[in-house]
Amino acid sequence: MATRSKTAVQNAQALATPATRDPQDRHFVTALARGLKVLSCFKSGEERLGNQELAQRCKLPKSTVTRLTHTLTRLDYLHHIEESGRYRLGVAALALGGTTLARLDVKEVSRPLMQALANATSTLVSLGTRDDLAMLYIENCRGYSLVTLRLEIGSRIPLASTAMGRAYLAGAEPALRQGLEERLRALDPLQWPRLQQGIAQAIADVAAHGCCSSFGDWHAEIHAIAVPLRTGQGLPPMVVNAACPATATSAEMLTQAVRPRLIETVRAIEAQLGH
């Protein structure tokens with residue numbers, strides 16, 4: 001995986017190098033090349049760079065780099081770390097480049113704990129993070145049940161009506177959550193009152209119980225509960241989700257029997273990540 005990431009960075013560097021530009025090539029997009037050059041400055045997923053450092057590495061004016069990082073952050077190619085004002089590669093860049101060592105660490109730490117939970121509860125236990133107005137599955141662990149859900153790594157599910165999406169919103173910083181809610185309201189004004197009610201309930205549930213749910217709100221045949229995962233290391237927030245067909249496990253069973261195990265699993269993952 002690390003080799004794939006390195007190759008992707010090298011490809012981006014090649015595309016962004018000024019030497020590749022032919023002054024007679026009217027199809028060459030300078031702004032795109034500069035954006036790729038900014039991304040190529042991140043040698044690993046652990047690296048965090050500010051606009052001044054990026055400007056020095058790219059040999060571009062800081063004002064230009066500031067506009068580029070703002071745009072790349074809006075598109076999720078970069079993730080802005082508010083505490084330091086620096087940036088690291090975002091979810092969209094991970095999708096292009098395979099994965100980073102930091103994200104691999106989260107998956108490697110989470111996988112055995114998630115699999116143990118899946119085996120013990122006969123649920124589909126998943127790790128996800130936000131991709132624009134959807135949640136992206138980046139790891140799945142299936143239990144022993146013959147009846148399961150067909151959601152694979154790379155699947156995208158709605159942000160506002162799923163347990164995973166609601167847990168993300170409940171764990172998000174207020175300013176980020178407000179911005180996402182405004183976008184969701186503009187996207188579907190008619191459904192927004194119902195979606196808003198579900199999000200508000202999720203925020204209250206996470207505050208009171210550490211976990212939120214979606215019992216048939218997204219699909220009538222799917223029950224799910226989810227817990228925000230505090231990853232630290234400047235990584236985007238993530239969520240661990242336990243889901244099952246509604247015919248296999250009741251909402252009461254998920255709440256009473258699975259929820260304590262899910263919360264315990266998430267806390268164990270956080271402890272191993274040093275958070």
Exercise for the section: Spell out, as yes or no, whether a donor-acceptor pair under 3.5 Å connects the side chain of S161 to the backbone of P158. Expected result: no

Completion exercise
Output for pair (R142 CZ, Q115 CD), nearest 0.5 Å, gives 10.0 Å

Problem - R88 side-chain N/O to R48 backbone N/O, donor-acceptor pair under 3.5 Å - result: no

Completion exercise
Applying side-chain contact (heavy atoms from CB on, under 4.5 Å) to Q178 and not counting sequence neighbours gives E182

Fill in the blank from the handout: Taken in chain and number order and not counting sequence neighbours, the residues that satisfy ring-ring contact (aromatic ring centres under 6.0 Å, His included) with H80 are Y87

Handout entry: Close side-chain approach of V227 and L262, heavy atoms under 4.5 Å
Key = yes

Exercise for the section: Taking K107 for its side chain and I138 for its backbone only, find out whether a donor-acceptor pair lies under 3.5 Å. Expected result: yes

Exercise for the section: Could you tell me the separation between the NE2 atom of H219 and the OG1 atom of T162, rounded to the nearest 0.5 Å? Expected result: 10.5 Å

Exercise for the section: Kindly give the heavy-atom pair with the smallest separation between A226 and A167, and that separation in Å. Expected result: CB-CB, 3.7 Å

Exercise for the section: Please assess V239 against L229 for the test side-chain contact (heavy atoms from CB on, under 4.5 Å), listing each intermediate value before the final yes or no. Expected result: CA-CA 5 Å; V239 174; L229 173 65; 5.9 Å; no

Handout entry: Connected via hydrophobic side-chain network under 4.5 Å: I225 and M253
Key = no

Practice task
Mind checking salt bridge (charged side-chain N to carboxylate O under 4.0 Å, His left out) for E181 and listing every partner two or more places apart, or none if nothing turns up?
Solution key: none

Problem - Partners passing side-chain contact (heavy atoms from CB on, under 4.5 Å) against A224 (at least two apart in sequence or in another chain) - result: A163, N241, A243

Exercise for the section: State, with a plain yes or no, whether a side-chain heavy atom of S213 is found less than 4.5 Å away from one of L254. Expected result: no

Could you go through residues 186-200 and list every donor-acceptor pair under 3.5 Å that involves a side-chain atom there, pairing it with any protein atom two or more places apart or in another chain?
residue: D188; atom: OD1; partner: Q191; partner atom: N; Å: 3.3
residue: Q191; atom: OE1; partner: R194; partner atom: NE; Å: 3.0
residue: Q191; atom: OE1; partner: R194; partner atom: NH2; Å: 3.1

Could you list the donor-acceptor pairs under 3.5 angstrom formed between side-chain atoms of residues 125-135 and any protein atom two or more places apart in sequence or on another chain?
residue: S126; atom: OG; partner: N140; partner atom: OD1; Å: 2.5
residue: T129; atom: OG1; partner: P237; partner atom: O; Å: 2.8
residue: R130; atom: NE; partner: Y168; partner atom: OH; Å: 3.1
residue: R130; atom: NH1; partner: D132; partner atom: O; Å: 2.9
residue: D131; atom: OD2; partner: R156; partner atom: NE; Å: 2.7
residue: D131; atom: OD2; partner: R156; partner atom: NH2; Å: 2.6
residue: D132; atom: OD1; partner: R183; partner atom: NH1; Å: 3.1
residue: D132; atom: OD1; partner: R183; partner atom: NH2; Å: 2.7

Handout entry: Summary of salt bridge (Lys or Arg N to Asp or Glu O under 4.0 Å) pairs that have at least one residue in residues 207-222, sequence neighbours excluded
Key = R166-D217

Exercise for the section: Could you grab the distance from atom OG of S110 to atom CE of M238, nearest 0.5 Å is fine? Expected result: 8.0 Å

Problem - Residues in side-chain contact (heavy atoms from CB on, under 4.5 Å) contact with Q256, at least two apart in sequence or another chain - result: E252

Exercise for the section: Taking the side chain as every heavy atom from C-beta outward, state whether I157 and W218 have any atom pair closer than 4.5 Å. Expected result: yes

Practice task
Indicate yes or no: at least one non-hydrogen side-chain atom of I203 is less than 4.5 angstrom from one of L169.
Solution key: no

Exercise for the section: Please identify each residue that fulfils side-chain contact (heavy atoms from CB on, under 4.5 Å) with A251, with sequence neighbours left out. Expected result: F215, H223

Practice task
Side-chain contact test, heavy atoms from C-beta onward, threshold under 4.5 Å: evaluate it for C58 versus C41 and give yes or no.
Solution key: yes

Handout entry: Under the salt bridge (charged side-chain N to carboxylate O under 4.0 Å, His left out) test, residues paired with E53 that sit two or more places apart
Key = R86

Handout entry: Student check: side-chain heavy atoms of D205 and C211 closer than 4.5 Å
Key = no

Handout entry: Heavy-atom closest pair, residues V206 and A170
Key = CG2-CB, 3.7 Å

Problem - T121: partners by side chain to side chain donor-acceptor pair (under 3.5 Å), with sequence neighbours left out - result: T123

Problem - Minimum side-chain heavy-atom gap V240-M164 below 4.5 Å - result: no

Exercise for the section: Would you give the length of the straight line joining atom CZ of R177 to atom CG of L184, rounded to the nearest 0.5 angstrom? Expected result: 12.5 Å

Practice task
Could you pull out the closest heavy-atom pair between A246 and A220, with the gap in Å?
Solution key: CB-O, 3.9 Å

Handout entry: Cluster check I269, I153: I/L/V/M/F/W/Y, side chain < 4.5 angstrom
Key = no

Exercise for the section: May I have all residue pairs that pass salt bridge (Lys or Arg N to Asp or Glu O under 4.0 Å) and include part of residues 256-268, sequence neighbours excluded? Expected result: R267-E270

Fill in the blank from the handout: dist K59:NZ -> L54:CG (nearest 0.5 Å) comes out at 13.0 Å

